[in-house]
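Okay, so here's the structure we're looking at.
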Amino acid sequence: MKTNDLNVVIAGGGSTYTPGIVQAMISSRERFPFSSLTLYDIDEERNDDMFEIIGYMLEKEKLASEVTLFQTTEPQNAFPGADFIFSQIRVGGMKMREVDEKIPMKYGLVGQETCGLGGFSYGLRSIKGLLEIVSYVDQYAPNAWLLNYTNPETLVSEAVRRAFPDVKMLNACDMTISIEETIATNYGYDRKNWIPTYYGLNHFGWYSSIYDKSVDRDILPEILERLNQERLHVADFNAGDQTWQEAWDMLRLMTKNFPGYLPNNYLEYYLYPNRTIEHTDPSYTRANIVMDGREKNTKEMARKVREQEKGEILDFNFGEHGQYIMDMAVSILNDNHDRFMLIVPNKGAIPNLRDDAMVEVPSYVGRTGAEPISLRFAINDFHKGLMEAQNAAEKLLVDAYFEHSYQKALQAFTLNQTVYSADPAKQILDDFIEANGAYWPELN
Ligand code: NAD
Ligand code: G6P
Ligand code: MN
């Protein structure tokens with residue numbers, strides 16, 4: 001494997017998260033020596049905005065002569081010669097995210113980007129787009145590593161597992177480090193000392209212990225006690241974001257009612273759909289917040305660069321999001337065997353769960369990819385039951401994608417753990433078929 005002069009491609013180059021990833025690449029350059037960066041996107045305008053912003057960043061860091069920056073909408077120009085590809089596409093953009101969130105809410109169900117039926121709507125769009133990216137990697141850069149952030153992670157990784165079982169790919173979600181970082185900054189811990197044990201499906205899991213090397217014991221019980229006593233505030237990187245404050249408040253409610261484990265905050269959508277619906281405005285959902293915030297902000301940065309404005313132009317903070325995926329790339333390159341939460345085929349990692357479930361568990365990462373740990377204990381019936389039902393729903397949806405099966409899609413929608421009746425499941429499925437049009441596979 002090449003370890004110098006690396007060529008990096010960002011698929012979904014126009015993503016609002018690109019500056020955070022590039023910032024992490026720049027600060028890791030000694031451990032990750034890259035000499036070219038290609039922004040690949042199907043939206044020329046968004047890609048060009050990002051090209052301006054990233055060009056400005058490289059200039060500012062005095063790297064413009066050492067790193068060649070490219071932009072393209074053509075896969076045959078983007079992927080040949082690539083060593084690492086970071087993928088973060090959003091098929092249908094924020095406009096379709098808004099549709100995903102709002103249609104279920106019309107029928108009194110959870111409307112969310114990755115959870116519930118909104119996540120299933122996004123899933124059928126995203127599988128199509130991400131399989132395309134994987135096929136380009138397979139065709140033009142079969143030795144490259146593909147590090148994927150594209151959501152909904154369990155669905156897309158399940159589809160890739162079936163269609164391209166041998167692709168060199170890691171599927172990661174930043175939510176666990178975001179939870180850990182938020183807890184650490186609130187309660188005065190250093191996350192670098194932690195060896196967490198966590199299991200679940202993506203956005204659907206639990207910490208069962210957090211071993212802290214500085215005190216040589218499991219500190220999860222004391223963290224749960226702190227959560228019981230004190231409100232958890234939004235960390236720096238999400239400062240002022242009311243949606244995240246609501247999420248942390250819901251996390252505390254879950255640890256209060258179901259003690260002993262620290263849940264992923266996204267479980268609120270499955271355990272308390274009534275409450276999440278209550279605190280969501282059906283006419284102004286998270287997609288609207290992001291369009292009016294992060295998206296406008298990115299446009300504004302690009303405008304300032306183009307017009308060569310003076311003063312501070314760069315304005316973003318995504319916390320550890322960029323560094324996390326960068327650290328995985330470094331761990332592959334240097335065969336470090338650092339530990340990350342990854343979405344992988346179960347194959348015994350959770351001993352009492354089906355082998356072919358895509359699960360999220362701690363994994364060591366080196367030159368040959370991910371080596372998931374085995375928990376070596378059986379998970380409890382509450383978690384197991386929830387996961388098995390949700391996993392079956394997700395499997396059925398991916399079946400529906402490959403088999404073009406309306407019946408499987410309806411089963412998936414009905415079984416989704418946010419759904420109480422097959423009536424709204426069918427109505428919402430039919431509305432989504434119409435709203436998604438050609439973004440979805442045809443279902444017969
Ligand atoms: P965004 O809409 O700002 O950016 C996505 C970009 O992808 C857009 O520029 C769009 O034009 C491009 N795109 C869409 N379809 C494409 C295709 N088929 N090929 C190439 N490019 C395509 O979205 P965002 O908020 O920046 O999020 C990007 C993705 O990252 C989403 O899937 C989001 O859910 C995911 N995400 C994941 C995590 C995680 O922890 N796993 C965290 C944050 C975001
Ligand atoms: C977390 C999750 C991601 C999700 C993101 C949404 O980072 O892990 O999977 O995409 O939140 O953030 P947004 O600001 O777009 O609502
Ligand atoms: Mn995630």
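It should be emphasised that the depicted structure is a prediction, and the values quoted were computed from it without experimental measurement. In listed order, ligands and their atoms are each counted from 1.
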Note: ligand 1 atoms sitting under 4.0 Å from heavy atoms of E113 are 33 (C), 34 (O)

closest protein heavy atom to atom 31 (C) of ligand 1 is Y122 OH, 3.2 Å

Check: T114 N/O within less than 3.5 Å of ligand 2 N/O: no

Polar-atom distance check: R294 versus ligand 1, any N or O pair below 3.5 Å? yes

Does T150, backbone or side chain, put an N or O under 3.5 Å from an N or O of ligand 1? no

Suppose we measure from atom 29 (C) of ligand 1 to each protein heavy atom; which comes out shortest, and what is that distance? I89 O, 3.4 Å

Heavy-atom distances under 4.0 Å are what count here, so tell me which part of M94 touches ligand 1: side chain, backbone, both or neither. side chain

Ligand 1 atoms nearer than 4.0 angstrom to some heavy atom of Y40 are 20 (C)

At a cut-off of 2.8 Å, list the protein N/O/S atoms near the Mn ion (ligand 3), residue plus atom name. C173 SG, H203 NE2

Residue portion contacting ligand 1 (non-hydrogen atoms closer than 4.0 Å) for A172: backbone

Are any of the N/O atoms in E295 less than 3.5 Å from those in ligand 1? no

Closest to atom 9 (O) of ligand 1 by heavy-atom distance, out of D41, V91, N148, is D41

Run the ring pair (Phe, Tyr, Trp, His ring centres under 6.0 Å) test against Y187 and tell me which residues pass, sequence neighbours left out. none

Where on R286 is there a heavy atom closer than 4.0 Å to ligand 2, on the side chain, on the backbone, on both, or on neither? side chain

Can you name the one residue among Q23, R294, Q323 that meets side-chain contact (heavy atoms from CB on, under 4.5 Å) with F318? R294

What protein heavy atom sits nearest atom 15 (N) of ligand 1, and how far off is it? I42 CD1, 3.6 Å

Identify the protein heavy atom lying closest to atom 23 (O) of ligand 1, giving its residue, its atom name and the separation to 0.1 Å. R90 NE, 3.0 Å

Which heavy atom of the protein is the closest neighbour of atom 26 (O) of ligand 1, given with residue, atom name and distance? S15 OG, 2.6 Å

Suppose I only count heavy atoms of D174 and a 4.0 Å limit; which atoms of ligand 2 are within that range? 1 (C), 2 (C), 7 (O), 8 (O)

Between D399 and S405, is any side-chain donor less than 3.5 angstrom from a side-chain acceptor? no

